[in-house]
Amino acid sequence: MKNTIVEDLKRQIDKFKLEIKAEKIGHVIEVFDGIAKLSGLSDIKVSEMVTFASGETGVVLNLEEDSVGVIILGDFSKIHEGDEVKATGKILSVPVSDLQIGRVLNALGSPIDGKGVIKTDKFNPIEKVAPGVITRQSVNQAVQTGIKAIDALIPIGRGQRELIIGDRQTGKTAIAIDTILNQKGQDLICVYVSIGQKDSKLRKLQARLEEGGAMDYTIIVSAGSAESAALSYIAPYTGVSIAEHFMDQGKDVLIIYDDLSKHAVAYREISLLLRRPPGREAFPGDVFYLHSKLLERACRRNKEYGGGSITALPIIETQSGDVSAYISTNVISITDGQIFLETDLFYKGIRPAVNVGLSVSRVGSSAQIRAMKKVAGTLKLDLAQFRELEAFAQFGSDLDEKTKNQLERGKRAVEVLKQAQYSPMAIEDQVVTLYALTRGFMDSVPLNQIKTFEEGLREYAERNAQTFYKEVRETKMWTEKGEAELSKAIGEFRDAFLSKK
Amino acid sequence: MAKISTRNIVQTIYELTRGKTGKELEAVLVRIRNFLVEKRLINRSPEILRKLKEILNKEEGIVEVKLTVRKIPSVEKLNKIESVLKKRYAAKQVVATIGEDETVLGGMRIEAKDEVIDLTYKNKLNQLQDYLIRN
């Protein structure tokens, strides 16, 4: 045993090659709030890593005439004035590996879940130019969120960037988590980037994902609220670098940035400390680029370039529903649509509190499966008309039959689109429910029994409309035969349901 | 109003003093001092002097080198080191400051401009330690 250890050590020492090189050095002029100003370090590049004498690392952000501005990735209290700093010659990179799936990582890609070291030799730079036009193709495959209101009305495609926007406590993270939970068996790797969130929230979220078996295909990257602004700033880039590792293998990835408002605030803090000129709301001039360069990395690659994709779901928190704030408008303009969540709807019990009128998906409809397209085609318009009529109907009760029917249908649509948290629904079940709604099968069902009807219908239809289910599951198509079978099954169930009551 | 950088000040001082000697130089230096006081730049004087020295050294081909060793080497060895450094930095003259430090264990550490070449045993052992931990 002892001999083996000695032999191993000897072998390792024999393999060791000493590196003798001239290194560029500088010295710390001042340190404050996670920022260091350095002298020396000629030839250093922006985004290059530096190492301090205390072992901490930093990233160069500002190159000035006489000094270099660095953000410190770690404990800056260990760094003192006059300390030596070495340039590494490397752009900030994070470790990437397939073994990171199921793990919780910090903003530098190191595990923080206590499950041991992840051995990898591969590193990806966190700053990378987004894939060019030649390598891309348009979105043509759906990401099923399992949320009826989204899959039917605001469909998301693989490679799309769909913003989730709303006030605090409106269910933004819930949508993201439900989407992750629904990816079981969907061949989609999920990366959840937590920026400036409480550790307790993250722990709860991890436990929920573990419970739902979602950690088998999920990676969590976290920069907690107790960590420095520098780590919050780099966390989303770390997340997307890891996502790119999988996309490069031709896999589909879903990345959630929770949330980019806090990311922008962290960047504002860094920029102000680095004395960059403040602009609107004290954000620096390049805050648009901060998010556009990140979200442009989400794309769908064409087959010649591997065919992988990164779908991004950035989250933005608004203040009192103000979507015209600086960061909100920036990210709305960068993304391919937004899911707008409203406090009023949330407290009315309409959950997910999606405002269907303000929410939009600019490219997702081309990725929507045919069966869903067929049943949800007019739903958005119906809901919009319902909202208008609802407001109008408040002024008088003397309404014609058609208007009354429209109102009743609308109320049922709102009821059907309500969905409890952590209960994503399979796409075929969604199609059945929406078919029953849009074809008027639910018109005679009392409003307070819609949920019971819906649950019973799903079970009944699965047993009695097997051809339809098979077609939707396997081919995502819609045939007349399948439709007839479904229509018959729903009719039978409705009659039985109503006679029972 | 644009901020005057230290580099601008140093460059100007260098231009003003170049080629001047005796009373002429003294008069210029007094004016420079008054300017720095008037513009409240006197607190930047250590940096100004450091940078001025850098410019003068560059002009005269002087390279300042700091050597850290466990034990001061022989004159012969020092001459050899000097000639190597002269070649490396294309310098006419090498001004070396030698510091003794037992913790380096052996070898030497050379610091010149903003460059360091660490040939100490301590560095070698640190590298070996990193390698063994990684592998």
Show the pairs of one donor and one acceptor atom, one from chain A and one from chain B, lying under 3.5 Å apart.
{"from": "A/E19", "atom 1": "N", "to": "B/Q127", "atom 2": "OE1", "distance (Å)": "3.1"}
{"from": "A/E19", "atom 1": "O", "to": "B/Q127", "atom 2": "NE2", "distance (Å)": "3.1"}
{"from": "A/E23", "atom 1": "N", "to": "B/V116", "atom 2": "O", "distance (Å)": "2.8"}
{"from": "A/E23", "atom 1": "O", "to": "B/V116", "atom 2": "N", "distance (Å)": "2.7"}
{"from": "A/I25", "atom 1": "N", "to": "B/D114", "atom 2": "O", "distance (Å)": "2.7"}
{"from": "A/L41", "atom 1": "N", "to": "B/D114", "atom 2": "OD2", "distance (Å)": "3.2"}
{"from": "A/S42", "atom 1": "N", "to": "B/D114", "atom 2": "OD2", "distance (Å)": "2.5"}
{"from": "A/S42", "atom 1": "OG", "to": "B/D114", "atom 2": "OD1", "distance (Å)": "3.2"}
{"from": "A/S42", "atom 1": "OG", "to": "B/D114", "atom 2": "OD2", "distance (Å)": "2.6"}
{"from": "A/E65", "atom 1": "O", "to": "B/R7", "atom 2": "NH2", "distance (Å)": "3.0"}
{"from": "A/E65", "atom 1": "OE1", "to": "B/S5", "atom 2": "OG", "distance (Å)": "3.3"}
{"from": "A/E65", "atom 1": "OE2", "to": "B/S5", "atom 2": "OG", "distance (Å)": "3.0"}
{"from": "A/E84", "atom 1": "OE1", "to": "B/R109", "atom 2": "NH2", "distance (Å)": "2.2"}
{"from": "A/E84", "atom 1": "OE2", "to": "B/R109", "atom 2": "NH2", "distance (Å)": "3.1"}

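Partners of A/A264 by side-chain contact (heavy atoms from CB on, under 4.5 Å), not counting sequence neighbours, listed by chain and number: A/F283, A/V287, A/H291, A/I327. A search for side-chain contact (heavy atoms from CB on, under 4.5 Å) contacts involving A/F288 returns A/S292, A/N330, A/S333, A/I334, not counting sequence neighbours.
Counting only residues at least two apart or on different chains, no ring-ring contact (aromatic ring centres under 6.0 Å, His included) pair has a member in residues 38-84 of chain A.
Note: B/V116 leads B/I117, B/L132, B/V116 in heavy-atom pairs under 4.5 Å with chain A.
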